[in-house]
Amino acid sequence: MVLGIETTCDETSAAVVTRSPSGASDIRSNVIRSQVEIHSPYGGVVPEIAARAHVEVLDHVIAEAMRQANVDYSELSGIAAAAGPGLIGGVIVGLTTAKAIALAAKKPLVAVNHLEAHALTARLTDGVAFPYLLLLVSGGHTQLLAIEDVGKYTRLGTTLDDAVGEAFDKVAKMLSLPYPGGPQVEEQAKHGYSARFAFPRPLMGRREPDFSLSGLKTAVRLEADRLAPLSDEDVADLCASFQAAVVDLIADRVRAGARAFRDRLGRGPTALVVAGGVAANGMIRESLAKVAAELNTRFAMPAPVLCTDNGAMIAWAGAERLARGIRDRLDVSPRARWPLDPAAAASATARA
């Protein structure tokens, strides 16, 4: 039974999750406090404001998670906290609090990679077996990974510029849509004509399973500038055409990722898993379900509340690591950057 703490961006969350020896799971509590209203006037997350907001509410969020789970600290097996990657101020708040609780309660500490937590969430919700293909799509990350075991992750492809979520947010901003941008673009797209604008699908057909969004984003901006001032119909059509392009290129890139997975492991994945905040987009989910059927593999996507940042995924990642005897020292450091596949990150740095 693990208490998990998440403070890497603009959600303050704590949860209590159990993992049986067989791997069965139970979410005893999952309390989330969003900072959307605080950051909305600025059109994006302000790191200093986010860190202060975490400090103000984290103790209360943890207390509520423990109350809902109806457990005492003495009953916990360990304390897990997201130690990165993320906004360093918020990461420090959560990790420092976890250290204090671990020290006071005499419990093991697990410093969780936030990306690893996303990667393992499908095992919490759907019991997916290793090895599986993961599409991680969020505001700051777009990656295709082979998830071979806890702590064994191979990055097959990544974005060469913008993350998918970042592109959604930037398009929303250029169209004067409210923050957070992703859900706003999706809502506008429901009322738009997706074939009005022939936006590019960068890297479509390439064998390497990488992504590129900057050219697509620029095409939307140029079209919006040409049409200005924009009518409501223009905005809806721009959103629909942009989203359709993203859906097409994601499906194509996942197919390339599946080929790379088979080339590396000599077998197909047990499942296609999608995680991260962008996974809440309905059209992307529907498209990926079809791709999984094409690949003759299972499709797994956690519920939207578990795709965005939350304490339950941190607690589960902590439980998975504790089950393998992995724990961290109390002097473990927070990290603003923390790649899941260090070898891939080192190779990219060398090429640059």
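The first residue in the sequence is number 1, and the count goes up from there. Computed over heavy atoms, backbone and side chain alike; hydrogens, waters and symmetry mates excluded.
A salt bridge links Glu148 with Arg264: at least one charged nitrogen is closer than 4.0 Å to a carboxylate oxygen. Salt bridge annotation for Glu320-Arg324: present, with a cationic side-chain nitrogen under 4.0 angstrom from a carboxylate oxygen. The existence of a salt bridge linking Asp252 and Arg206 is excluded, since no basic side-chain nitrogen approaches an acidic carboxylate oxygen closer than 4.0 Å.
Here the side chains of Pro202 and Leu213 are not in contact, with every heavy-atom distance at 4.5 Å or above. Leu76 is not listed as a side-chain neighbour of Ile101, based on a closest heavy-atom distance of 4.5 Å or more. Contact check for Phe211 versus Leu144: side-chain heavy atoms found under the 4.5 Å cut-off. Between Leu177 and Val185, some side-chain heavy-atom pair lies under the 4.5 Å cut-off. Two residues are said to be in side-chain contact when any heavy atoms from C-beta on lie closer than 4.5 Å; Asn281 and Gln243 meet this criterion. The shortest distance between side-chain heavy atoms of Arg267 and Pro131 falls below 4.5 Å. At a threshold of 4.5 Å between non-hydrogen side-chain atoms, the residues Thr12 and Val93 do not count as touching. Residues Met66 and Val71 have side chains in contact (heavy-atom distance under 4.5 Å, counting atoms from C-beta outward).
Pairing each heavy atom of Gly90 with each of Thr7, the nearest pair is O-OG1, 2.6 Å. Closest of all the heavy-atom pairs between Leu330 and Ala102 is CD2-CB, 4.3 Å. Closest of all the heavy-atom pairs between Leu322 and Gly78 is CD1-CA, 3.9 Å. Of all heavy-atom pairs spanning Val36 and Pro180, the tightest one is CG1-CD, 3.8 Å. Shortest non-hydrogen contact noted between Ser241 and Ser194 is OG-O, 3.1 Å. Pairing each heavy atom of Ala245 with each of Phe199, the nearest pair is CB-CB, 4.3 Å.
Considering Val16, Thr18, Leu306 as possible partners of Ile27, the one that fulfils the side-chain contact (heavy atoms from CB on, under 4.5 Å) test is Leu306. Among Arg253, Lys290, Arg201, the single residue meeting the salt bridge (charged side-chain N to carboxylate O under 4.0 Å, His left out) criterion with Asp248 is Arg201. Considering Asp161, Asp169, Asp162 in turn, Asp162 is the only one that fulfils the salt bridge (charged side-chain N to carboxylate O under 4.0 Å, His left out) rule with Lys217.
In this structure, Thr218 contributes its side chain and Ser214 its backbone to a donor-acceptor pair below 3.5 Å. In this structure a side-chain-to-backbone donor-acceptor pair under 3.5 Å is present from Glu75 to Asp72. For the pair Lys99 (side chain) and Val332 (backbone), a donor-acceptor distance under 3.5 Å is present. Not one N or O on the side chain of Ser29 forms a donor-acceptor pair closer than 3.5 Å with the backbone of Ala15. Here the side chain of Ser77 pairs a donor or acceptor atom with the backbone of Met1 at under 3.5 angstrom. Put simply, the side chain of Asp26 never gets that close to the backbone of Arg28: no donor and acceptor are under 3.5 Å apart. At least one donor-acceptor pair under 3.5 Å links the side chain of Asp210 to the backbone N or O of Thr158. Remark: side-chain polar atoms of Asp10 are not paired, donor with acceptor, to backbone N or O of Val45 under 3.5 angstrom. At least one donor-acceptor pair under 3.5 Å links the side chain of His54 to the backbone N or O of Cys9. Within the 3.5 Å criterion, the main-chain N or O of Asn310 finds no donor-acceptor partner in the side chain of Ser13.
Hydrophobic clustering keeps Leu58 apart from Val112 (ILVMFWY residues linked when any side-chain heavy atoms are closer than 4.5 Å, directly or through intermediates). By the rule that hydrophobic residues join a cluster once side-chain heavy atoms approach within less than 4.5 Å of another member, Ile79 and Leu103 end up as members of separate clusters. In the hydrophobic clustering of ILVMFWY residues, with side-chain heavy atoms under 4.5 Å counting as a link, Ile250 and Phe168 come out together. Note on Val17: it clusters hydrophobically with Val305, by side-chain heavy-atom contacts below 4.5 Å among ILVMFWY residues. If you chain together hydrophobic residues whose side chains sit under 4.5 Å apart, Val55 and Val91 never meet in one group.
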Quiz item: Going through the distances and angles, do Ile147 and Val273 end up as a side chain to side chain contact (heavy atoms under 4.5 Å, CB included)?
Solution: CA-CA 10 Å; Ile147 309 301; Val273 174; over 6 Å; no
Quiz item: Could you go step by step and tell me if His114 and Asp309 meet the side-chain hydrogen bond (donor to acceptor under 3.5 Å, both in side chains) rule?
Solution: CA-CA 9 Å; His114 175 88; Asp309 297 347; 3.1 Å; yes
Practice problem: Assess whether side chain to side chain contact (heavy atoms under 4.5 Å, CB included) is satisfied between Glu116 and Trp338, documenting all intermediate values. | Solution: CA-CA 10 Å; Glu116 179 179 49; Trp338 190 358; over 6 Å; no
Practice problem: Show your reasoning for whether side chain to side chain contact (heavy atoms under 4.5 Å, CB included) applies to Val128 and Thr270. | Solution: CA-CA 8 Å; Val128 175; Thr270 61; 3.9 Å; yes
Exercise. Show your working on side chain to side chain contact (heavy atoms under 4.5 Å, CB included) between Leu216 and Phe242 and close with a plain yes or no.
Key: CA-CA 8 Å; Leu216 171 57; Phe242 164 75; 3.8 Å; yes
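Counted within 6.0 Å of CG on Asp149, heavy atoms from surrounding residues, nucleotides or ligands total more than 12; the atom is thus considered enclosed. Within a 6.0 Å radius of CG in Asp232, other residues, nucleotides and ligands contribute 12 heavy atoms or fewer. Surrounding CZ of Arg327 are at most 12 heavy atoms belonging to other residues, nucleotides or ligands under 6.0 Å away. Within a 6.0 Å radius of CG in Asp331, other residues, nucleotides and ligands contribute more than 12 heavy atoms. Counted within 6.0 Å of CZ on Arg207, heavy atoms from surrounding residues, nucleotides or ligands total 12 or fewer; the atom is thus considered open.
With values rounded to the nearest 0.5 angstrom, Arg19 atom CZ is found 9.5 Å from Ser25 atom OG. For the atom pair CG of Leu156 and CZ of Phe261, the computed distance is 7.5 Å after rounding to the nearest 0.5 Å. In this structure, the separation between CG on Leu272 and CE on Met301 is 11.5 Å, given to the nearest 0.5 Å. Expressed to the nearest 0.5 Å, how far CD1 of Ile38 lies from CZ of Arg33 amounts to 12.0 Å. We find the CG-OG1 distance between Leu160 and Thr142 to be 10.5 Å, quoted to the nearest 0.5 Å. The OH atom of Tyr193 sits 14.0 Å away from the CG atom of Leu238 when rounded to the nearest 0.5 Å.
Gln188 and Gln184 form no side-chain donor-acceptor contact under 3.5 Å, judged by distance and modelled atom types alone. There is no side-chain donor-acceptor pair under 3.5 Å between Gln143 and Asp341.
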